[in-house]
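Input: a single structure, listed below in structure tokens.
Letters A, B, ... mirror the listed sequences (proteins, then strands); counts begin at 1.
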Amino acid sequence: MAILTGSCRFGLWHVHVAWQDDLVYRVRFARDGIPGRVPEEILRYCSGRPADLSSLKSVATEGDTTFAGIYRAVLTIPCGETVTYGEVARMVGTAPRAVGAAMARNPTPIVVPCHRVVAKTGIGGFSPDLAIKEILLGMERRGDVCTPKKREVNR
DNA sequence: CTCAAACGGCAAA
DNA sequence: TTTGCCGTTTGAG
């Protein structure tokens, strides 16, 4: 069974995904779309509906390298919240700059929510476009894509 | 304010 | 195998 590829729309962008079952190999933002499907939860997320991304695994967290440890730490950041590069660095016992480098090379953004890692003094960076990070954080802060939806209960 | 150092993996040379 | 990148932070000058 081969690895599947496909894309879905996300605002002005398209999200390309390479995956198989619940394992995601690559996620990247591009201007153009490609044929094929993406995992259901990613589709829900990109369309602004509540999505359970924890049902997906990323190849980025496999292994015992420092980067893999960083990605696992980033996975623990709850939807709607942010943590600084320095705080992630302390969690795994490395330097803030190593965290920045790991985020820059994150093979599976969204699945590993690197957009929730911000700079101490500001929002930090995001490629290919910082606007994507701002939109993602906005959606999550509003609770649009977060699950479970106990958010509407205590309000 | 500016500057440099510490950090880790990857890709290009 | 070496070099040069980076989505940072902190302390010193």
Using a 4.0 Å heavy-atom cut-off, does [X] contact any base of the nucleic acid, only the sugar-phosphate backbone, or nothing at all?
X: A/Val117; answer: base
X: A/Gly124; answer: nothing
X: A/Ala101; answer: base
X: A/Ala98; answer: base

| Base-pairing mate for C/dG11 - Watson-Crick or G-U, with both contacts under 3.5 Å |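 Paired with B/dC3.
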| request: Measure from the side-chain heavy atoms of A/Arg97 and tell me the nearest of B/dG9, C/dG7, B/dA6. | output: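 Ranking B/dG9, C/dG7, B/dA6 by closest atom to the A/Arg97 side chain puts B/dA6 first.
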| task | Please tell me which of the listed nucleotides, C/dG7, C/dT9, B/dC7, lies nearest to the side chain of A/Lys120? | result |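 The closest nucleotide is C/dT9.
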| request: Would you please confirm or rule out a distance under 4.0 Å between OP1 or OP2 of B/dG9 and any side-chain N or O of A/Thr66? | output: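 For B/dG9, OP1 or OP2 has a side-chain N or O of A/Thr66 closer than 4.0 Å.
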To the nearest Å, how far apart are [X] [atom1] and [N] [atom2]?
X: A/Tyr85; N: B/dG8; atom1: OH; atom2: P; answer: 18 Å
X: A/Tyr71; N: B/dG8; atom1: OH; atom2: C1'; answer: 10 Å
X: A/Glu87; N: B/dC7; atom1: CD; atom2: P; answer: 20 Å

| said: Starting from A/Ile110, can I reach A/Trp19 by hopping between I/L/V/M/F/W/Y residues whose side chains sit under 4.5 Å apart? | reply: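 A/Trp19 and A/Ile110: one cluster.
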| query | Parallel, tilted or perpendicular for A/Tyr45 and A/His115, by the 30°/60° rule? | reply |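 Rings of A/Tyr45 and A/His115: tilted, as their planes differ by 30° to 60°.
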| said: With nearest nucleotide decided by heavy atoms, which residue, A/Arg105 or A/Gly86, maps closer to the 5′ end of DNA chain C? | reply: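 So the residue in question is A/Arg105.
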| said: Assess whether a salt bridge exists between A/Glu87 and A/Lys120, defined as any Lys/Arg side-chain N lying under 4.0 Å from an Asp/Glu carboxylate O. | reply: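 A salt bridge is absent here (no side-chain N lies under 4.0 Å from a carboxylate O).
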| field | Atom CZ of A/Arg37 with >12 non-hydrogen neighbours under 6.0 angstrom | value |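 No, the 6.0 Å shell around CZ holds no more than 12 heavy atoms from other groups.
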